[in-house]
Each structure stands twice: as C-alpha cells, then as structure tokens.
Amino acid sequence: MCGIVGYYGPENPVDVIIKGLKTLEYRGYDSAGVAILNNGVFKRVRAEGKLSHLEKKLSTETFNGHLGVGHTRWATHGPPVEKNAHPHVVGGASIVHNGIIENYAELKDQLIKAGSIFHSDTDSELIAHLVSHEIEIGKDLFHAVIEILPKLEGAYSVLAVHEKYPEEIVAFKSGPPLVVGKNEKEVVVASDLQAIMPYTKNVVFLQDNEILHVTGTKIEFFDDRGQKINKKETKVDWNPELIEKQGYDHYMLKEIYEQPRAVAMAMGPHVDLASKEVRLCKVGFGVGQLEDLEQLEARADWENTLKTFEGVERVFMVACGTSFYAGMVGEYLIERLSKIPVECDIASEFRYRHPVIPKNSLVVVVSQSGETADTLAALRLAREAGAKVLSICNVKNSSMDREADGHLYMNAGVEIGVASTKALSSTIALMNCLAVALGKAKKQLNEGDEHKFVEALLAAPSHMESVLAYDKFFAEAADTLKDFRGFLYMGRGIHYPIALEGALKMKELAYMHAEGYAAGEMKHGPLALIDQSMAIIMLAPSDELYDKTVSNLEEAKARGGKIISIGSGKNEKLEVLSDHYLALPEVEWTINPLLELIPLQLMSYHVADRLGKDIDQPRNLAKSVTVE
Ligand code: F6R
C-alpha cells in the first residue's frame with residue numbers, strides 16, 4: 001500500500017512527483033524517494049521517514065530533466081530504512097513498486113546465484129534486476145517488462161524506467177491500483193486519482209495484467225502478451241478544495257465535523273423527501289459497465305433493484321476494520337427490517353474460510369478506499385460463487401466499485417485522515433437505506449414504518465451537529481483520560497459495533513490499550529480488568545436493551561471502574577451511576593449509532609492530541625491497505 005507517481009513532461013518532474021506523493025502519503029509514510037532523469041542518467045534521492053524528510057534533502061539538489069518516478073513506502077519486506085526506500089536502481093533501470101512479490105525469495109535466490117548483488121532487503125529490488133537484465137541482453141524496456149511478467153507472483157503495481165529509453169515509462173499491475181492521465185504536454189501515472197487531478201480530469205484505470213506504455217505524450221495499452229488493447233477514458237469529478245484542512249488542526253477533526261454533511265450526501269440520492277420513501281438510486285444491477293450507470297434511468301433501475309432484492313435469501317457483509325463495523329451495524333438493521341439472515345465477516349477471514357455462499361446471496365462489500373486487498377479478494381470470491389455483489393465505496397471507480405454488480409456510494413468526500421471517520425457515518429446512513437429497501441422488497445416493512453425510519457434518517461444530520469458540541473468536553477477531559485491504564489467500551493445490540501469502533505479509534509490514535517465488548521459478555525472475563533485505573537465507556541441509548549445495559553453498568557460500577565456513559569436525553573439513573581453522563585438527542589434506534597460514534601471519535605482525537613501523537617498519520621498504519 002505504497003504510493004507511486006511517474007511523470008513525463010515539461011515541468012520539473014521533482015515538483016510534480018512530490019506534489020503527487022503528498023496526496024498519496026496516506027498510503028504509507030515509512031520512507032520516500034525519487035529517481036529523475038537528469039542529463040541522461042537517473043539521479044536518485046531517498047529518505048527515511050515522512051515525505052518532508054525527502055523534501056528537505058531535495059531542497060539542495062537541482063535537476064535538469066523531463067521524466068521521473070517517485071514512491072512513498074509502507075514497509076512490508078525489510079525495515080523502514082533508507083536502503084529499502086524506492087526507487088530501486090539496477091544498471092540503467094529504476095523501478096517503484098506497490099505491493100508484495102510473493103515468490104521473491106525464490107527469484108532473489110536465482111538472481112544471486114546468477115551473480116546479482118542486492119542492496120536492500122526488499123522484494124521490490126528484484127524487479128529492477130529482472131528489467132535491467134532483459135535490457136542488457138537486448139530487449140527494449142517494453143519487451144523487458146513483457147518478458148518478466150510471467151515470473152512475478154503476488155500483488156504489484158510497478159513503474160519501470162531506463163536510461164536507454166529517456167522518453168518512456170512502462171507501468172503494469174496485478175492487484176493494487178494504477179491510473180494514468182494525460183494532456184497535450186504531459187503524462188502522469190499514479191496509484192490514485194488525486195495525484196493526477198491537477199493535470200487532467202480524463203483518466204484511464206489499468207486493469208490487472210494490463211500494461212501502459214508511455215512514449216513522450218503518447219500512451220498505449222497492452223495485455224500481458226503484448227497485444228494492443230483499446231481503453232476508455234473516464235471523466236472524473238474532483239474538487240481540490242475538499243482536500244484542504246480548512247483551518248482545522250488535523251484532517252481527522254475536519255472529517256469528524258464533516259459527518260453531518262457526509263450523512264446527508266450519502267442518503268441524498270436514495271430518499272424521497274416528499275414521500276419519505278427509500279428508492280435506491282442507480283445501483284445498476286445488471287448494467288455491467290460502470291460508465292453506463294450515468295445513463296441509467298433512475299426509476300427503471302430502482303424497479304430492477306427491488307426485483308433483485310426480492311430474490312435475496314441471505315446477506316453477507318464483508319469488510320475490514322472500521323468498514324467491518326459499519327457492516328455489523330448493517331447486520332442489525334437488515335435482520336430487523338427485512339428478516340433476511342445476515343452474516344458478517346472480516347474479509348481476511350472470509351476469503352480463506354471456504355465460505356458457503358448460496359447463489360441467492362447478496363454479498364455487500366464495504367470499503368472507503370475500494371482497494372483493500374482482502375475485501376477485493378472476497379468480492380471476487382463471491383462473484384465466482386455466483387452471488388450478487390453490492391459495493392459500498394467512497395472512492396468512485398476504485399477496483400471494488402468497478403468489479404461489483406451493484407454500487408452504492410458513501411459520498412463522504414475525500415477522507416485524508418488515516419483513521420476513518422466520515423466514511424463510517426456515510427455507510428451507516430446507507431445501511432439504513434439498504435435495510436429499508438430490502439425490507440420493502442421482502443414485504444416485511446409497512447409504509448408507516450418506512451416513513452418513520454426515513455424521517456429519523458433525514459433528521460440525523462442536525463442531531464449529529466448538536467452532538468459535535470462534545471468536542472469541548474473531551475478537549476478538557478483528555479487531560480484526565482490520558483492517564484488511564486486502559487479503556488473498555490461496551491454496548492449491546494446495534495451499539496456493540498460502535499463500542500468496537502470506539503476501542504479501535506483509541507488504539508490507533510492514542511496507542512493505548514482499549515477493548516470493545518458486547519456488554520453482556522463482561523461477566524465472562526473482562527470484569528476482571530476493572531479497577532480505578534480502567535475507564536469504562538458504556539453506550540446506553542434508550543432502546544429495548546437499555547435496562548440490560550444498565551445492569552451491566554452497575555456491575556462495572558461495583559468493581560470501581562471510572563464510568564462515562566452515553567445515553568438518550570435526560571437520564572437521572574445514568575447520571576448517578578456514571579462519573580460523566582453524556583446525553584444524546586432522543587431518536588429512533590436506527591439512528592443512535594450515528595450519534596454515539598461522534599463522542600467516541602472526539603475522545604480518541606483529544607486523548608491522542610494531548611499525548612502528542614501523530615493524529616492524521618498514526619504509526620505503522622496506512623489508509624489504503626492493498627496488500628494482504
Ligand atoms: C480505522 C481504519 C481502518 C479501515 C480499514 C478498511 O480507522 O481506517 O480500519 O477501516 O483499513 O479500509 P477500507 O474501508 O478502505 O477498506
């Protein structure tokens with residue numbers, strides 16, 4: 001899940017590549033490097049750590065060239081030190097690689113036996129050796145790549161350049177994304193759209209086993225046997241303002257504050273304000289090509305979606321991390337509203353557990369990035385099994401979006417903070433819409449209930465605005481909270497996934513021990529953890545499980561834990577039982593997750609900030625996990 005950028009054109013390649021890498025730094029920030037063709041030879045500069053370290057080194061360098069490649073790394077093979085930073089250079093060849101070469105040990109062994117000398121611990125360096133060798137024995141750059149492709153196993157997207165071919169970049173992929181854009185004078189190829197957007201809005205996404213050959217400003221596409229193929233350009237909507245911090249100290253805080261809007265944007269296309277009905281818009285089951293979605297007639301598509309849903313007997317929710325918790329919220333909503341059985345799976349487990357996927361299943365994959373390797377593999381497995389796959393992605397045209405049968409969009413806007421926030425809220429809004437749609441299709445939801453749930457959803461953004469006021473509370477409470485030994489987050493039913501999410505946020509941002517538990521499980525072990533040094537965060541909004549949750553709270557209180565409880569409206573019982581009681585607006589049970597997750601995000605944010613942690617780029621993490 002590294003970020004890669006290549007450039008050909010009249011600008012200083014260093015400037016374009018660094019600007020591009022900055023937008024991709026969320027993919028990894030262990031080290032960074034560039035190789036720029038400078039008076040006919042590649043000049044390489046690399047630095048350990050964040051991109052700013054590389055920028056400092058580059059500030060004393062001058063370059064005279066028109067072509068280069070760059071990389072920001074999330075370490076897989078070999079520690080994050082300079083010798084392992086990309087680009088890897090062998091002979092005249094320079095390469096940058098995102099992914100993992102699974103058979104690298106065997107290939108490296110063969111190369112060493114044949115006399116190659118390796119300078120890094122990475123799997124990636126061998127690609128530079130292979131390319132360089134093919135060129136030494138007479139191949140040109142393009143044919144060198146064709147020659148080495150069958151040898152590589154694993155997940156990769158690679159840019160290869162060579163001093164003998166000063167006008168050329170050859171790019172190829174199997175797994176992680178690659179996209180290219182060109183205008184009259186320049187070409188940019190990168191892992192993600194945002195690196196290309198300043199230069200053109202017309203882009204081409206490479207599919208697996210396709211090769212891009214850049215020669216000057218000419219771009220051509222080939223299959224892995226070297227046969228030319230035609231590819232369609234996609235026009236992308238993009239608003240650069242959306243990726244500025246806009247006065248917030250961190251992207252994460254900005255994104256927390258953007259959640260009411262994100263929820264409105266997610267549900268917007270799917271709810272009819274006048275009739276208070278859900279009509280999923282342009283899901284596109286049966287349409288095939290993603291580009292054709294734009295031309296879909298919304299009403300006809302909705303009727304097709306309803307028909308598809310009528311045949312669904314089982315739903316699988318498959319995702320990773322925060323997106324998985326969004327799937328769990330979906331499980332509670334869909335089972336209650338549609339009576340369809342739902343199974344939730346962590347994608348990395350699903351793909352290897354030999355899941356039984358009946359043909360009439362709907363497999364919902366949730367992914368902010370649309371590129372998470374395990375979720376993408378799960379999607380492919382589900383399609384092979386003959387199930388219908390519905391993707392819920394934030395990044396349009398991402399791999400999952402392109403490969404799914406049906407599409408829902410988070411519409412959360414660009415999420416830069418590595419810890420996911422607004423993508424979760426958007427997805428919970430979509431899960432509400434999906435549950436109502438399935439409930440209607442299965443004739444389990446009457447009109448009155450539909451109106452009730454839709455009204456509740458429509459009101460959610462303004463309730464969320466009011467909950468953001470807890471920002472101030474946690475900005476102060478963080479001083480005390482940071483000294484706790486650990487945090488236990490608890491909830492029952494639909495609150496349980498939010499408890500898990502609260503704990504994940506605390507772990508990833510503040511690097512503190514935190515666990516999420518189903519509150520009823522406490523007495524089966526976790527109660528032993530509770531003493532004065534343990535903070536208990538109890539999610540207890542009013543619903544049918546409220547009384548049981550309060551009993552669990554009493555058990556925790558009796559063991560001396562410090563308690564923050566989160567409930568609905570004025571609640572004397574919770575006030576008495578808790579050290580701090582946070583009141584949320586009283587809403588329909590379907591909406592509670594959207595409200596209760598905000599205080600948990602703010603809590604982790606402020607504790608991490610007080611501890612001086614790197615909030616937008618927590619250590620060891622990356623935003624887009626395109627390796628297993
Ligand atoms: C946590 C977080 C991760 C992601 C996970 C899945 O804050 O951001 O747990 O949710 O890596 O990523 P996507 O949604 O892109 O598949």
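Just so you know, ligand 1 is whichever comes first in the structure, and atom 1 is the first atom listed for that ligand.
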Quiz item: Looking only at distance, does Thr375 have an N or O less than 3.5 Å from an N or O of ligand 1?
Solution: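 N/O-N/O distance under 3.5 Å: no.
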Quiz item: Going by distance only, is there an N or O of Gly321 that falls short of 3.5 Å from an N or O of ligand 1?
Solution: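 Between Gly321 and ligand 1, no N or O pair is found under 3.5 Å apart.
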Practice problem: For residues Ala412 and Ser426, report the shortest heavy-atom separation together with the two atoms involved. | Solution: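 It is CB-OG, 3.4 Å.
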Quiz item: Picking from Val329, Ile334, Val363, what satisfies side-chain contact (heavy atoms from CB on, under 4.5 Å) with Met317?
Solution: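 Only match with Met317 under side-chain contact (heavy atoms from CB on, under 4.5 Å): Ile334.
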Self-check item: With Phe309, the side-chain contact (heavy atoms from CB on, under 4.5 Å) member among Ile340, Leu362, Val315, Val283
Solution: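 Only match with Phe309 under side-chain contact (heavy atoms from CB on, under 4.5 Å): Leu362.
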Self-check item: With Asp249 via salt bridge (charged side-chain N to carboxylate O under 4.0 Å, His left out) - residues at least two apart
Solution: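 Asp249 satisfies salt bridge (charged side-chain N to carboxylate O under 4.0 Å, His left out) with no other residue.
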Quiz item: When you measure from atom 8 (O) of ligand 1 to each heavy atom in Gly417, Ala347, Ser420, Ala373, which option holds the nearest one?
Solution: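 Ranked by closest heavy atom to atom 8 (O) of ligand 1, first place is Ser420.
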Exercise. Of the side chain and backbone of Lys505, name the one, both, or neither that has a heavy atom under 4.0 Å from an atom of ligand 1.
Key: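 Looking at Lys505 and ligand 1, just side chain atoms fall under 4.0 Å.
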Hey, which atoms in ligand 1 end up nearer than 4.0 Å to a heavy atom of [X]?
| X | value |
| --- | --- |
| Ser323 | 10 (O), 13 (P), 14 (O) |
| Ser367 | 13 (P), 14 (O), 15 (O), 16 (O) |
| Ala419 | 7 (O) |
| Glu508 | 1 (C), 7 (O) |

Quiz item: Do the side-chain N and O atoms of His495 and Glu596 include a donor-acceptor pair separated by under 3.5 angstrom?
Solution: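 His495 vs Glu596: donor-acceptor pair found between side chains.
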Exercise. May I ask whether Val418 has any heavy atom positioned less than 4.0 angstrom from an atom of ligand 1?
Key: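 Yes, Val418 has heavy atoms under 4.0 Å from ligand 1.
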Exercise. Assign the ring pair Phe487 / Phe484 to parallel, tilted or perpendicular, where the plane angle (0 to 90°) is split at 30° and 60°.
Key: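 Correct class here is tilted.
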Quiz item: Which pairs, with at least one residue in residues 486-508 and sequence neighbours excluded, count as a salt bridge (charged side-chain N to carboxylate O under 4.0 Å, His left out)?
Solution: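 Applying salt bridge (charged side-chain N to carboxylate O under 4.0 Å, His left out) to every pair that reaches into residues 486-508, excluding sequence neighbours, yields Glu501-Lys505, Lys505-Glu508.
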